[in-house]
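Worksheet: one structure, shown below.
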Amino acid sequence: MLELAEQTACAGWGDIRCDRGRHASIFVRASGCRYGRMLVVSQSTLVTGLPVDLETLRLLEAISRSGSLGRAATSVGISQQAASSRITSTERRLGRTLLVRSRAGSALTEHGLLVCEWGRPLLEAATTFERSLHTLMTGASDALLVAASQTVSEALMPRWMTAAADRVRVRLESGNSDWVVDEVRSGRAHLGFTETPDEADGLASTVLGVDELLVVVSPGHAWASKSEPVTAAHLASTPLVSRESGSGTRRTLELALGIDPALMAEPAAQLSSTGAIRAAIAGGVGPGVISSLLVEDDLRAGRLVTVPAAVDLRRPFRAVWSASPSAGARDLLAVIATLQHSPHSSAR
């Protein structure tokens, strides 16, 4: 247990402290903030004095992705009533409202988005720890290590992994496109998937499909009824809900606008997850630019509205690898190629 906890800490997730007994405890920090003391007692239990526990963080993250308390509850394996009670109890302990409910669905408040953002390193650390335990228990060392950008991870990898399950076992990690390239170059990942127009120097690659970004706003935003396409200059001068530097989505937008990124307006919010971005846009924080693959449900439900744009916001999905791809990488790419040519393919 201690060795696994030390591996988690060394991987960059936190600082290790040792209770020379049955357990190891981990402190996780992000952006210079200590989130609390986490006592590892099992793969899914967090013992902490903080008012937000690990399972509630998972629930909030699921709400930010789905825009629905019911769907989020199902995804984490609890009833909607239990989910609602958990949120209400957490709000009472924090003294802040985390969730607003409406006929259109559920959305995180500004405080809810902040809790999600601050808690994400904790969830990632827990996931890394659980995977390490699984590897220890199963002796699994032959998995294909895949690093994928967030749109690919959320919209495409589940289908690809399911289709390839009988040929290759995939261990997936998610980050932005720059991180993916670094993971492949360092050898920490056997295969990477990016969503940026830039090719990765020194890596082999192949284009798998084309994705289209959309300008979207909340139904109450002034642009929601706009019939004339928004111009590049207007987009550049508007504070947008944005991804962080290094993401393929942000890089695509910067290249499409054709100006120095330093001359663009400061973001209305800069967030690192798709769910938080969708929730912020739907909550009226500002317009945003996001993959069409990730907002289909929001558009159908009326939580978001598309705005015509006078810029080309298409970008490629690429597979990248160093030297010769492994047998597992070749198997996965072959499955993806078959799926991409099927009539139900998502990536164009």
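The existence of a salt bridge linking R250 and E254 is confirmed by a sub-4.0 Å separation between a basic side-chain nitrogen and an acidic carboxylate oxygen. Salt-bridge formation is not detected for the pair E91/R96: no Lys NZ or Arg NE/NH1/NH2 atom is positioned less than 4.0 Å from an Asp or Glu carboxylate oxygen. Under 4.0 Å is where a charged nitrogen must lie from a carboxylate oxygen, and between R86 and E55 no such pair does. Between R314 and E212 there is no salt bridge, since no side-chain N of the basic residue sits under 4.0 Å from a carboxylate O of the acidic one.
In terms of modelled atom types and a separation under 3.5 Å, the side chain of S177 and the main chain of T194 share no donor-acceptor contact.
A donor-acceptor pair shorter than 3.5 Å can be found between the side chains of S273 and R120. Judged by distance alone, the side chains of T151 and E195 do bring a donor and an acceptor atom under 3.5 Å apart. Inspection of the N176 and E244 side chains reveals an N or O donor paired with an N or O acceptor under 3.5 Å.
The side chain to side chain contact (heavy atoms under 4.5 Å, CB included) test with F193 singles out one residue from V180, V152, L156, and that residue is V152. Put simply, the residue from V217, V305, V216 that forms a side chain to side chain contact (heavy atoms under 4.5 Å, CB included) with W223 is V217.
Nearest heavy atoms, R315 versus G248: NH1-C, 3.6 Å.
T162 contributes atom OG1, which lies 10.0 Å from atom CG of L339 (distance to the nearest 0.5 angstrom).
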(Q) Run R171 and L144 through side-chain contact (heavy atoms from CB on, under 4.5 Å) and show every step you take. (A) CA-CA 6 Å; R171 199 180 87 191; L144 177 68; over 6 Å; no

